[in-house]
Amino acid sequence: MGEIQALRGTRDILPEEVGYWQQVETRARDILFKAAYREIRTPIFEQTELFERGIGEATDVVGKEMYTFCDRGDRSITLRPEGTAGVVRSLIEHSLYTQGGVQRLWYTGPMFRYERPQAGRQRQFHQLGVEVLGSADPRADVEVIAIATNILQALGLKNLHLDINSVGNLEDRQAYRQALIDYLTPYKDELDPDSQDRLSRNPLRILDSKDKRTQEITQNAPSILDHLGTYSRQHFDKVQQLLTDLGISYQLNPRLVRGLDYYTHTAFEIQSDDLGAQATVCGGGRYDGLVAQLGGPETPAVGWAIGLERLILLLQQLQQPTLPSVDFYVVSRGDAAQDQALVLAQKLRQAGFSVDLDLSGSAFKKQFARADRSGAIACLILGDEEAANQTVKLKWMASKEQSAIPQAELLTNIEELRSQLHRGEGR
RNA sequence: GCGAGCGUAGCCAAGUGGUUAAGGCAGAGGAUUGUGGUUCCUCCAUUCGUGGGUUCGAGUCCCAUCGUUCGCCCCA
């Protein structure tokens, strides 16, 4: 039909659906406010180098998924593929780390990754994320996890499960990586082709391969948890103890590996049973090295991001779309009446009512049918007769009761009208 | 980047080589030239994503292309 369509992997959020988004935003905003997190809004594009250095050049996100282009000044620009790098850049740029010990921040907005779309995955998608910067305390890890579960729970989501793991610090991971390579190398020919490739590049990823034979082989592979140093071990034990104290159930998953280079220690994912292959609703973890990596002072940090499209997919399974309705629907026919109707609508809106004004000028019958569908509590009717004597008919949709009143009187007692409206609503 | 399925009106769809492309919802007009979730009538695709091919004849078969869906990779 129309030649121009939304680009692949992008889509319109139409009025019928937007209620879900508003619901998520208000719920989350409230919960984050109560936990003393402050919103931060950073640009949607950044210097390409920020993501290359922050996320890691070897990752798929940087290697093949970024929307990168040159602007007219010949700078390399990238549409942000995730939110953390921009927040950290901002923290450093504005020296936010000097304002007291810990920064608790949250953000939301569109992210961009050049990938093949599928269920729960688009090229432009939206995340809501939090970052706690400046604390290495395991309580920070658990606090962010708790906030994520609060948000998901407040929205009434079910069938979610939390997986946690520790990937330790850099030394732990290097030692483990070698142990894993030593274990897997004898089986190299039996691994699936992707995993053979990963053996040298990113062996930890082999652990969550979906290939059956590969899974059998990794069944007896060494566990990262046996390669954690004392500090990492203690940190992770504390995280688990605190989760238990808060009554948050979790599953220990030593195969859980997060994709971005900056993660250290705690890694976690919240997955849903009710999504397709892309089941992760929330993913996050600790990233103690990132701030320094990007040129700031050594600053431990932990955070997560929720994929809002996936969240809303789940919400839609639970709830009917909400149809917004209005207090008054104004029906009018005839030049003078239609003009007066506009004036009346304006005054009612200024008085705080919600008013839908029919602009069609079509037969009353049609206008009433639309009024009915709009869900309005009452109709205001202006025709030639009313226009001539400056009145308006007020009709309660549920009871079909109707009376004529002078236009000037309609607004003289707002409170009376408002309470009538509530009664009219009940009928 | 790879694999598989699908593409008929704003939406849901019938149609599986043979004259004018069912039906439903939504929409417009009317029966009721000022009154609504009911009823009835009328209208609403020179055309089946696009381009090419096979055929006397194609929405229906073939090829290409674009789009879309699901999966792989990867991630939220």
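Proteins get letters first, then strands, A, B, ... in listed order; numbering begins at 1 in each. The basis for the numbers below is simple: all heavy atoms, side chains too, and nothing from hydrogens, waters or symmetry mates.
B/C25: Watson-Crick or G-U partner is B/G10, with both key distances under 3.5 Å. Across all strands shown, B/C70 pairs with B/G3; the Watson-Crick or G-U wobble distances both stay below 3.5 Å. B/A58 makes up no base pair with any nucleotide shown, lacking Watson-Crick or G-U wobble contacts both under 3.5 Å. Here B/U46 sits opposite no nucleotide as a Watson-Crick or G-U wobble pair (both hydrogen-bonding atom distances under 3.5 Å). With a 3.5 Å ceiling on both atom-pair distances, B/U35 lacks any Watson-Crick or G-U wobble partner.
Separating the C1' atom of B/A13 from that of B/A45 is a span of 14 Å, rounded to the nearest Å. The same atom, P, is picked in B/A28 and in B/U38; the two are 14 Å apart, to the nearest Å. Straight-line distance between the P atoms of B/U39 and B/A4: roughly 48 Å, to the nearest whole Å. A distance of about 14 Å separates the P atoms of B/A21 and B/U16, rounded to the whole Å. On the P atoms, B/C11 is 15 Å away from B/G27, given to the nearest whole Å. With both ends at atom C1', the span from B/G23 to B/U32 equals 29 Å, rounded to whole Å. Comparing the P positions of B/U69 and B/G59 gives an interatomic distance of 27 Å, to the nearest angstrom. One C1' atom belongs to B/U60, the other to B/C48, and the distance between them is 10 Å to the nearest Å.
Look at CZ on A/F51: it is 22 Å from P on B/C74, rounded to the nearest Å. Atom pair A/L160:CG and B/A76:C1' shows a separation of 14 Å (rounding to whole Å applied). What separates CZ of A/F112 from P of B/A76 is a distance of 16 Å, to the nearest Å. Residue A/R8 contributes atom CZ, which lies 14 Å from atom C1' of B/G49 at whole-angstrom precision. Spacing between atom CD of A/E269 and atom P of B/C74 amounts to 13 Å, rounded to whole angstrom units. Put simply, CG on A/L275 is 14 Å from C1' on B/C70, counting in whole angstrom units. Atom C1' of nucleotide B/C2 and atom CG of A/D192 are separated by 14 Å, given to the nearest angstrom. A/E115 has its CD atom 14 Å from the P atom of B/C70, to the nearest Å.
When the nearest nucleotides of RNA chain B are assigned to A/R116 and A/A279 by heavy-atom distance, the more 5′-ward of the two goes with A/R116. Taking for each of A/Y114 and A/F125 the nucleotide of RNA chain B with the nearest heavy atom, the 5'-most of the two is the partner of A/Y114.
In this structure, A/R123 contributes its side chain and A/E115 its backbone to a donor-acceptor pair below 3.5 Å. Panel note: side chain A/E269, backbone A/L256; no donor-acceptor pair is recorded below 3.5 Å. Without hydrogens or angle criteria, A/E82 side chain to A/M111 main chain gives no donor-acceptor distance under 3.5 Å.
The residue A/M111 sits apart from the nucleic acid: no heavy atom pair falls under 4.0 Å. As judged by a 4.0 angstrom heavy-atom cut-off over every strand, A/Q278 is placed among the base-contacting residues. Among the heavy atoms of the strands lying under 4.0 Å from A/A119 are primed sugar atoms or P, OP1, OP2 only; no base atom is included. Residue A/G120 is in base contact, counting any heavy-atom pair closer than 4.0 Å across all strands shown. Residue contacts for A/R205: at a heavy-atom cut-off of 4.0 Å it reaches the sugar-phosphate backbone alone, with no base atom in range.
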Tell me, with the steps shown, if A/V392 and A/V330 meet side chain to side chain contact (heavy atoms under 4.5 Å, CB included).
-> CA-CA 10 Å; A/V392 58; A/V330 182; over 6 Å; no
Begin with the C-alpha distance, continue with both residues' side-chain angles, and end with the deciding distance and a verdict on side chain to side chain contact (heavy atoms under 4.5 Å, CB included) for A/T264 and A/D172.
-> CA-CA 10 Å; A/T264 57; A/D172 300 338; over 6 Å; no
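Checking the phosphate oxygens (OP1, OP2) of B/G67, no side-chain nitrogen or oxygen of A/Q5 falls inside 4.0 Å. Distances shorter than 4.0 Å separate some side-chain N or O of A/R198 from OP1 or OP2 on B/C74. Within the 4.0 Å cut-off from OP1 or OP2 of B/G36, not a single side-chain nitrogen or oxygen of A/Q367 is found.
Annotation: side chain of A/L314 is in contact with side chain of A/Q317 (closest heavy-atom distance under 4.5 Å). Considering only heavy atoms from C-beta on, A/P406 stays 4.5 Å or farther from A/Q390 through its side chain. Proximity of A/K393 to A/T391: side-chain heavy atoms (C-beta onward) are nowhere separated by under 4.5 Å.
For A/K400 against B/U35, a side-chain-to-base donor-acceptor contact under 3.5 Å is absent. In terms of polar N and O atoms assigned as donor or acceptor, the side chain of A/R121 comes within less than 3.5 Å of the base of B/C74 in a complementary pairing.
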Summarise how protein sits on nucleotides 28-34 of chain B as a single string, 5' to 3': B when a protein heavy atom is under 4.0 Å from the base, S for sugar-phosphate-only contact, - for no contact.
-> SB-B--B
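For A/N220, there are no side-chain hydrogen bond (donor to acceptor under 3.5 Å, both in side chains) partners two or more places apart in sequence or in a different chain.
The side chain of A/Q127 approaches B/A76 more closely than any other nucleotide in the set B/A76, B/G36, B/U68. The side chain of A/Q118 approaches B/C72 more closely than any other nucleotide in the set B/G36, B/C72, B/C74. Listed nucleotides B/A76, B/C74, B/G37 differ in distance to A/Y263; the shortest reach to its side chain belongs to B/A76.
Other residues, nucleotides and ligands place more than 12 heavy atoms under 6.0 Å from the CZ atom of A/R213.
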